[in-house]
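Have a look at the structure below, then the notes.
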Amino acid sequence: MAPYEELILEHWRNPRNKGSLENPDIDVVEANPLCGDVVRLQLSVKEGTVKDVRFEGQGCAISQAAASLLTEMIKGKTVSELEEMKDEELLSALGGVIKTRLSCALLPLRALRKGLSERGKG
Amino acid sequence: MIDLKAVREDFPILKRTVNGHPLVYLDSAATSQKPRQVIEAVARFYQETNANVHRGLYQLAAEATDLYEEAREKVARFIGAHPHEVVFTHGTTEALNLVAYSLGEARVGPGDEILVTEMEHHANLIPWQLLAQRKGARLAAIRVTDEGQLDLADLEAKLSPRTKVVAVTHVSNVLGTINPIPRIAALARRVGAAVVVDAAQSVPHMPVSVGELGADFLAFSGHKMLGPTGIGVLWGRKEFLEELPPFLTGGEMIREVWIDRATWNDVPYKFEAGTPPFAQAVGLGTAVDYLTGIGMEEVRQHDLELTTRALEGLLARDYVEVYGPKDPEARGGVVAFNLRGIHPHDVATLLDQEGIAIRAGHHCAQPLHRLLDIPASCRVSFYLYNTPEEVDTFLSALDQVWKAFH
């Protein structure tokens, strides 16, 4: 059952950084209303660098595994690095995602971008 | 008994593979596959008889018109109706919008009530929502029980002399429930409400006779019953069709036109504005011939056999939750379910890797999914070309999906 790389199933079974932060600098929720996938991302940012990150959510394995993986990818990165993060980075880290499910895989990244842009405005 | 081998030979698409596996198509409730007889009839029409209907004074147009009207007669016979009561639309959705608009204009006013059900497809809900908003009418929904049946006591309680319309699906596209239309129609008639039936999941799958149902309007689609896309049917009682104002307007539906006014054509043409989908009608007529050749009682029995097998298999797996009636006799050939803790989209994607096509989502029935307290569900649906072996293939693939996640 190929489109589910072991990595996706492994993150789905054992999500990383799942939970919430006390006083996050970024707290954002993004959803795919049509399928019910929801991801909440919380980031603590100090001196332009992501010190800590947590996610919560529900939905398909791809969206939740992508969120888990994304939290690992962004910890320690600077805000400007995050702003430049491309879809491809997450997709290839996931081992490739079939095209019917791209919107699931990219949901957490959309959440991150939304959070960054809201923070920029705030 | 359906001669499955012969039937499957008629459906060219069943010969293809998907992701290296033979296609197992379990999504006929969304759209059915087409037999070569239908594909060839549409191609032959375009190659030999194509001309606009009801207009030309030349031989070709007369032949095209004859074929179009012949299709109307076939459809009428199929549901036990008179051809003048059969309006061709572009699908069930358009047919239901037509009724909601025209019936609404003629019969619904401020303070009146429209009854739908909690299990309606959005196509039999949104047009009534808009009508209620437009007219200042009240929209209420008949409750669905925990067993997935309509609560008829709730219907009786909600019916009042102000109820002008009861809009209900014949067979739920999610729960599979076959609703007791004759009983509902009898109750609605007592208060003088018109009964509108979404028959998109019933007419393709079981014998349906408008006389026995006792409803006032029946809507269904060609593409779910082996026919082409882009054609649907609205059957309406003649006295209603004659009373109602037109919905879409333009050519064909008029008799005489002046700059500031017009008079309408006879039914059913009053409701067929513009160039109708005549090539698709010819295809639908051929689909009706095909189904009649098999026999709708046979089609129903075959659906029932497969549904029974699928239900038994799903209910025997403790990781599966099944929605709707547990008794296959109470259902059409549709079964919705979920694997515990696994999103239906994951199930559909993994089954697709095995060549198995199932539907996953809310199936255009969001209020029902909210009632079931799930964001989405998986759905398998069967038709006359599906085999018991395909049901078994599907069930064992589900076991693999469950294993992959644990």
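Just so we're on the same page: letters track the sequence lines, and every chain starts at 1.
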Please report, to 0.1 Å, the donor-acceptor pairs under 3.5 Å made by any side chain of residues 27-35 of chain A, with sequence neighbours excluded.
residue : atom : partner  : partner atom : Å
A/Asp27 : OD1  : A/Arg40  : NE           : 2.9
A/Asp27 : OD1  : A/Arg40  : NH2          : 3.4
A/Asp27 : OD2  : A/Arg40  : NH2          : 2.9
A/Asp27 : OD2  : A/Gln42  : NE2          : 3.2
A/Glu30 : OE1  : A/Lys114 : NZ           : 3.0
A/Glu30 : OE2  : A/Arg110 : NE           : 3.4
A/Asn32 : OD1  : A/Arg110 : NH2          : 3.1
A/Asn32 : ND2  : A/Ser103 : O            : 3.3

Atom [atom1] of [X] with >12 non-hydrogen neighbours under 6.0 angstrom:
{"X": "A/Glu47", "atom1": "CD", "result": "no"}
{"X": "A/Gln58", "atom1": "CD", "result": "no"}
{"X": "B/Lys15", "atom1": "NZ", "result": "yes"}
{"X": "B/Tyr101", "atom1": "OH", "result": "no"}

Closest approach of [X] to [Y] (non-hydrogen atoms, all atoms of both residues):
{"X": "B/Gly341", "Y": "A/Trp12", "result": "O-CZ2, 3.3 Å"}
{"X": "A/Arg101", "Y": "B/His345", "result": "NH1-O, 2.9 Å"}
{"X": "B/Pro375", "Y": "A/Gly36", "result": "CB-CA, 4.1 Å"}

Nearest 0.5 Å, what's the CD1-CG distance between A/Ile8 and B/Asp346?
-> 9.0 Å
Would you give the length of the straight line joining atom OG of A/Ser63 to atom NE2 of B/His343, rounded to the nearest 0.5 angstrom?
-> 7.0 Å
